[in-house]
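Since the structure is predicted, the reported quantities are computational estimates derived from the model, not experimental observations. The chains referred to below are lettered A, B, ... by the order of the sequence lines, with proteins before strands, and numbering in each begins at 1. Both backbone and side-chain heavy atoms feed into the values below; hydrogens, waters and symmetry mates do not.
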Amino acid sequence: MSSQIESLVNKEYQYGFVTDIESDAIPPGLTEETVRQISTRKNEPQWLLDWRLKAFKRWQSMTEPRWPNVTYGVIDYQAQTYYSAPKSVKPLQSLDEVDPELLKTYEKLGISLNEQKRLSGVAVDAIFDSVSVGTTMKEELKKHGVIFCSFGEAVLEHPELVQKYLGSVVPYSDNFFAALNSAVFSDGSFVYIPKGVRCPLELSTYFRINAADTGQFERTLIVADEGASVSYLEGCTAPKRSTNQLHAAVVEIVALDNAQVKYSTVQNWYAGDKDGVGGIYNFVTKRGKAFTNSKISWTQVETGSAITWKYPSVILQGDNSTGEFYSVAVVNNKQQADTGTKMIHIGKNTKSTIISKGISAGHGQNSYRGQVKVLPKATGARNYTQCDSMLIGNQCGAHTFPYIEVGNNTATLEHEASTSKIGEDQIFYCKQRGLNAEHAISLIVAGFCKEVFKELPMEFALEAQQLLGISLEGSVG
Amino acid sequence: MLKIENLTANVGEKAILKGISLSVNPGEVHAIMGPNGSGKSTLAQVIAGHPGYEVTGGTVTYDGQDLLEMDAEVRAQQGIFLAFQYPVEIPGVSNAYFLRAAYNEIRKARGEEEVDPMEFLDIMAKKLKVVEMDEAMLQRSVNAGFSGGEKKRNEILQMAVLEPKLAVLDETDSGLDIDALRIVAEGVNKLKRPDNATIVVTHYQRLLNYIVPDFVHVLAQGRIVRSGGKELALELEEKGYDWLLEPAGASA
Ligand SMILES: Nc1ncnc2c1ncn2[C@@H]1O[C@H](COP(=O)(O)OP(=O)(O)O)[C@@H](O)[C@H]1O
Ligand SMILES: [Mg+2]
């Protein structure tokens, strides 16, 4: 019965092109001087430079974590370029000033920065290598008091907000990659939704790595003030290159009392070729802090990257706060993913939901790693975890590492897990109804991921489903 | 329409079909009966193109083409439908979505326009009546959590929607109570046309009270040991299969 599900043919990655553009880059290597230069390039205030330098010192004393269930070679941090920006991008430039070559790049990626042509209802911040190229719909948002801009701009225009919340959820000392990011981060997005405001548009940031041997270290900070709500989406692509590139981002979300933040990611970084050459190393720290009655929801569809190391988490600080994590992680060919979440219950009657769907094909290795921690004061805490794995073929793997710590005996925790294999019988059943094998697989996989897809904003649910189809294309013979 | 000659097939190393010949013409209903394990489902799966069965000899032509050269989905697109003895579950995919995907693939293969979800709902409304099924079934995941009877009815619903030229029903009657049996059988009868044909696989004669076959074949140990008209089914009902098996076991 092994005839049908067999080895893989790699589908061309359609975002693998390179934009030919002149860049201003700080030469490779990482010293205190590099950190100072980045800060100078960005005209930063002293407090931020000081913070970066503290982070850098801390990073130097830390070692790269090797506990994730992934294997890769040594990363030479001195061989990386930490800052690269298209020369044409000026600080605080308006959209009309964006280099046409860059606009073309984004058009090719399916992201129009032309406001007239845009999907109505979505505002975009476009990040190219180390800098933001432009942010759309800013005026419209301003009417509602919403701030949506590049991180660099926020530092210059809203320093009090940035200073107050930067590092308040992910301290620079949190972990090796967070410390690295804190020292060298170059740009990212900043969002502030004022009290009681329901953000009228979907906000989205599109990350593009272009330059070779350059890492992308962006930082996103989202603050929803009391009673505010926002839905935010992040998308990522990179050219095909035969060397590995580092992406070490930090995302911090603050949901103040009664606020709601929904953060969705469609991650499609270049995954390397079918033999595992090239691809992005995606080492990301994402965490939210939920205050009283607030809710933070992470939804991720992870199809790209050679290696993924990522645990979007929620600190349920306030009473009655809610944390959610909905994840689809796909590995094909030689991809490896170690991803999951942490739900830290501190407040009373806090509630968390974890739905994780791991799909492994080819020689891919997929690990779910999740922690649910209930602190002694978290009376009435509840968690529901569902962790499902699907295997396509015989050479891939799925692994589950749940960690549960309960310090309060009124807590209710439920855990369900399953592993299934796309069977030849399922594929044959679909074929007997006239569907070809690829259509059958994408249908079966979409069914498997349904609970996660329904959490995505409508505009992106279809895109995610198609992306999944593409990344599994060729996974059956 | 379908011409099987001297067909032999294996599962792994084991020979299951040991030389089957069978001709089916448009408008005909053939019943294939026989004891458990005689190879009935194997024959049905080989006709549908299941890759787990290896054809080791013989030929099968369908509308003048070499059926054995065609991929399973092509066979389906060309009008071959198998109602599975054990329908497969596809969690998270709604029956309606699945059926529309199938319907559109088959239309595409015929060079016809695909239909959108709204048009499809209208088509479905009519077809649901054929099998007396509730609309709510459309929103449930394909076969997931269906009772045995619901699964079988769902197969007939799919058949009603896809309008095959050649339908093979594999033990569609087993596990059905008498009412469900009647509904399924009437469904099959309503779908009967002069230009399509049906092969009904069963090991009870009771289904044949409702679906009257033109021919009855008895399959035993991988061979057709007897063919006849509908009266053969009654004879089998009375005498069982043993008298047909005797020659093979006579020396024992
Ligand atoms: N997938 C399979 N793997 C192993 N043996 C099989 C498989 N399918 C059928 N067989 C064997 O082939 C023979 C015929 O089975 P089948 O065609 O299902 O019979 P029937 O439908 O007449 O009851 C049986 O001995 C059965 O055990
Ligand atoms: Mg059978």
Side-chain angles (χ1 to χ4, degrees), chain A residues 1-6 326 328 355-359 386 388-393 416-456 461-462 464-466 468-469 476-477, chain B residues 11-12 44-45 47-54 70-95 97-110 140-144 151 154-155 157-159 161-164 167-168 170:
Chain A
M1 296 288 270
S2 64
S3 56
Q4 189 164 23
I5 299 173
E6 46 184 38
Y326 300 99
V328 169
I355 310 270
S356 161
K357 304 278 180 176
I359 299 163
Q386 183 189 330
D388 299 322
S389 307
M390 180 176 264
L391 303 172
I392 304 175
E416 285 178 29
S418 76
T419 300
S420 56
K421 222 173 147 162
I422 290 197
E424 248 169 76
D425 284 332
Q426 272 179 327
I427 295 174
F428 178 63
Y429 190 71
C430 295
K431 285 180 136 188
Q432 213 304 301
R433 298 303 184 246
L435 313 185
N436 65 27
E438 310 242 286
H439 193 167
I441 296 262
S442 74
L443 187 109
I444 295 163
V445 167
F448 176 72
C449 299
K450 186 177 176 184
E451 291 141 294
V452 175
F453 284 167
K454 76 177 174 26
E455 296 299 325
L456 284 173
L462 191 66
Q465 201 160 327
Q466 281 164 351
L468 220 65
V476 282
Chain B
V11 172
Q45 299 276 350
I47 292 172
H50 194 296
Y53 298 84
E54 186 199 355
M70 290 154 74
D71 274 338
E73 69 267 31
V74 177
R75 298 182 198 197
Q77 290 160 6
Q78 305 274 325
I80 292 183
F81 179 91
L82 171 62
F84 285 65
Q85 181 172 5
Y86 304 107
V88 177
E89 302 188 0
I90 311 178
V93 177
S94 78
N95 233 351
Y97 187 90
F98 179 68
L99 261 174
R100 188 164 62 88
Y103 187 70
N104 279 334
E105 287 298 343
I106 287 170
R107 285 183 69 92
K108 258 198 296 194
R110 291 192 203 136
R140 290 171 59 185
S141 294
V142 180
N143 295 325
K151 284 184 183 170
N154 199 29
E155 294 291 287
L157 173 68
Q158 296 186 30
M159 174 174 138
V161 172
L162 302 178
E163 298 182 330
V168 182
D170 190 1

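- In this structure the side chain of I444(A) reaches within 4.5 angstrom of the side chain of M390(A), judged on heavy atoms.
- Among R75(B), Q158(B), Q45(B), Q77(B), the residue with the largest count of heavy-atom pairs under 4.5 Å with chain A is Q158(B).
- The candidate from N104(B), L162(B), V93(B) with the greatest count of non-hydrogen atom pairs under 4.5 Å with chain A is V93(B).
- The shortest distance between side-chain heavy atoms of V445(A) and V328(A) does not fall below 4.5 Å.
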Quiz item: Do N143(B) and Y429(A) pass the side chain to side chain donor-acceptor pair (under 3.5 Å) test, and can you show the C-alpha distance, the side-chain angles, and the key distance before you say yes or no?
Solution: CA-CA 11 Å; N143(B) 295 325; Y429(A) 190 71; 3.2 Å; yes
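- Residue L99(B) does not touch chain A at all, counting heavy-atom pairs closer than 4.5 Å.
- Using a 4.5 Å cut-off between heavy atoms, I90(B) touches chain A through backbone and side chain atoms alike.
- Here the side chain of D71(B) pairs no donor or acceptor atom with the backbone of E73(B) at under 3.5 angstrom.
- Interface remark: of the candidates G434(A), C430(A), A440(A), G434(A) forms the most heavy-atom pairs closer than 4.5 Å to chain B.
- Across every non-hydrogen atom of E451(A) and Y326(A), the tightest pair is O-CD2, 4.3 Å.
- Shown here are the salt bridge (Lys or Arg N to Asp or Glu O under 4.0 Å) partners of R433(A), two or more places apart in sequence or in another chain: E155(B).
- Neither the backbone nor the side chain of V11(B) comes within less than 4.5 Å of any heavy atom in chain A.
- Within the 4.5 angstrom heavy-atom criterion, atoms from both the backbone and the side chain of P87(B) approach chain A.
- Of the listed residues (K450(A), H439(A), Q432(A)), the one with the most heavy-atom contacts under 4.5 Å to chain B is Q432(A).
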